[in-house]
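The structure appears below as C-alpha cells.
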Amino acid sequence: MLGKATPERLNAFSDGVFAVLITVLVLELRPPELPTFKALLALWPTWLSYAVSYVFIAIVWINHHYLLRYANRVTPRLMWFNFAHLFSMSLLPLSTAWMAVSALAPQPVAFYAAVFFLVNLTYLLLSWELIDRNPVKADPRVRGAIRLRGITTLCLFGAAALIALKYPIAGLGLCIFCLGFYLKPNPAGTLAEELE
C-alpha cells in the first residue's frame, strides 16, 4: 500500500522528477572532439540550449513549489494535473538535444518552443486546480495575476513556436524573454509572503 497522498509526498515525488530531468539533460552534453577552445566555441548551440533548458527547469521547479504551497489536500484531479505538468517537462531533454544537434534549425527550435507552450499550459491547469479552486486561501489579486501572466506567456510561447519556423533565433529569444515573467513565482504586484 502506498499510503495516503499528501501535499508533501506530491512535492517530494515531483522534486525527484525534476532531479532526474536535470540529470538526463546533463547526460546529453558531449565534449568537443578536438582539444581546443575553438572546438568548444563551435558547440555554442549546444551550450546555449543546455543553459536555457537548465534555467527553465529551475524556474519551473521554483514556481511548482510556490503553487504546491496552496495544496491542503491531494485530490485525484490534482495528481493528474501534476502528472501532466511533469510529463510536459519530461519532453524538455529531447527537445533540447534535438535543437542543439541541429545547430538551432527552424523545426527543432519550433518544437522546443512548443514544449515551453505545453509546460505553460499544464502549469495553468495546475494553478487553476490549486489557486482558482481554493478561494479561501488564495488572494483574488494573486489568482488574477497568475492567470494573466499564464495566458500572456502561453500566447507568447505559441507565437515563438510559429516565429521559429521562419526565424529560429527570434523564436528562441522570445522563449528566453518569457522566462523573465516567472523569475519570481509570486506575480508582480502581489504579496510575496502571502502564505507565511
Side-chain angles (χ1 to χ4, degrees), residues 14 17-18 21-22 24-26 28 44-70 81-82 84-100 102-132 138 141-192 194:
S14 300
V17 172
F18 282 111
L21 289 174
I22 287 177
V24 170
L25 195 66
V26 171
E28 289 296 323
W44 72 266
T46 299
W47 297 107
L48 177 63
S49 302
Y50 168 77
V52 172
S53 294
Y54 189 90
V55 169
F56 184 57
I57 290 174
I59 288 171
V60 171
W61 179 74
I62 290 166
N63 281 272
H64 186 269
H65 267 267
Y66 175 78
L67 274 185
L68 285 181
R69 292 169 56 196
Y70 287 96
F81 285 157
N82 193 60
H85 188 56
L86 295 174
F87 169 76
S88 64
M89 284 297 298
S90 74
L91 298 173
L92 192 64
L94 167 67
S95 62
T96 302
W98 190 29
M99 184 172 71
S102 76
L104 307 181
Q107 291 179 8
V109 175
F111 178 66
Y112 187 72
V115 168
F116 277 44
F117 177 89
L118 185 59
V119 169
N120 202 56
L121 177 64
T122 57
Y123 181 81
L124 274 171
L125 291 173
L126 200 56
S127 68
W128 174 76
E129 179 65 20
L130 287 166
I131 295 177
D132 287 354
R141 293 173 300 158
V142 171
R143 287 197 308 270
I146 286 177
R147 190 177 306 115
L148 177 63
R149 176 181 68 181
I151 292 170
T152 300
T153 53
L154 191 66
C155 293
L156 291 173
F157 284 135
L162 294 174
I163 290 168
L165 291 171
K166 184 82 171 164
Y167 306 103
I169 299 296
L172 180 59
L174 187 52
C175 286
I176 293 168
F177 170 76
C178 287
L179 295 182
F181 288 97
Y182 289 94
L183 287 175
K184 288 174 58 178
N186 60 306
T190 61
L191 297 174
E194 170 196 2

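Worth saying up front: this structure is predicted, and the values here are computed from it rather than measured.
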Considering non-hydrogen atoms only, spot the tightest contact between Pro108 and Trp98 and give its length. CG-CE2, 3.5 Å
Rounded to the nearest 0.5 Å, the CZ atom of Phe18 sits from the OG atom of Ser90 at a distance of 10.5 Å
Does any part of the side chain of Arg149, heavy atoms only, come nearer than 4.5 Å to the side chain of Ile146, both counted from C-beta? yes
Is the ring pair Tyr50/Tyr54 parallel, tilted or perpendicular, if the boundaries are 30 and 60 degrees? tilted
How far apart are the closest heavy atoms of Leu25 and Ile57, and which atoms are they? CD2-CD1, 3.9 Å
Could you walk me through whether Val60 and His85 pass the side chain to side chain contact (heavy atoms under 4.5 Å, CB included) check? CA-CA 10 Å; Val60 171; His85 188 56; 3.5 Å; yes
Taking C-beta and beyond as the side chain, do Leu104 and Ser49 meet within less than 4.5 Å on heavy atoms? yes
Measure across Ala170 and Ile163 and return the closest heavy-atom pair with its distance rounded to 0.1 Å. CB-CG2, 3.9 Å
Side chain proximity check, Met89 to Thr122, heavy atoms < 4.5 angstrom: no
What distance separates Leu124 CG from Arg147 CZ, expressed to the nearest 0.5 Å? 9.5 Å
Interatomic spacing from CH2 in Trp61 to CD1 in Ile22 - rounded to 0.5 Å: 8.5 Å
Would you indicate whether the side-chain heavy atoms of Val142 and Tyr70 approach each other to under 4.5 Å? yes
Roughly how far, to the nearest 0.5 Å, is the CG atom of Leu148 from the CZ atom of Phe181? 9.0 Å
Verdict with reasoning, Thr96 to Phe56, per side chain to side chain contact (heavy atoms under 4.5 Å, CB included): CA-CA 11 Å; Thr96 302; Phe56 184 57; over 6 Å; no
CD1 (Ile176) and SG (Cys178) are apart, to the nearest 0.5 Å, by 10.5 Å
Residue from Phe177, Phe157, Tyr182 passing ring pair (Phe, Tyr, Trp, His ring centres under 6.0 Å) with Phe116: Phe157
Polar side-chain atom of Asn120 near backbone of Gly150 as donor-acceptor pair, under 3.5 Å: yes
Side chains of Leu92 and Leu21: closer than 4.5 Å at any heavy-atom pair? no
Closest non-hydrogen contact found for Ala110 with Ala161 is CB-O, 3.3 Å
Beyond-backbone contact of Asn63 with Leu67, side-chain heavy atoms, under 4.5 angstrom: no
For Ser53 and Tyr112, which I'm curious about, is there any donor-acceptor pair between the side chains at under 3.5 Å? yes
CG of Leu118 to CG of Leu154: how many Å apart, nearest 0.5 Å? 9.5 Å
For Ala160 and Gly171 the tightest heavy-atom approach is CB-O, 3.4 Å
Under a 4.5 Å cut-off applied to non-hydrogen side-chain atoms, are Asn82 and Ser14 in contact? yes
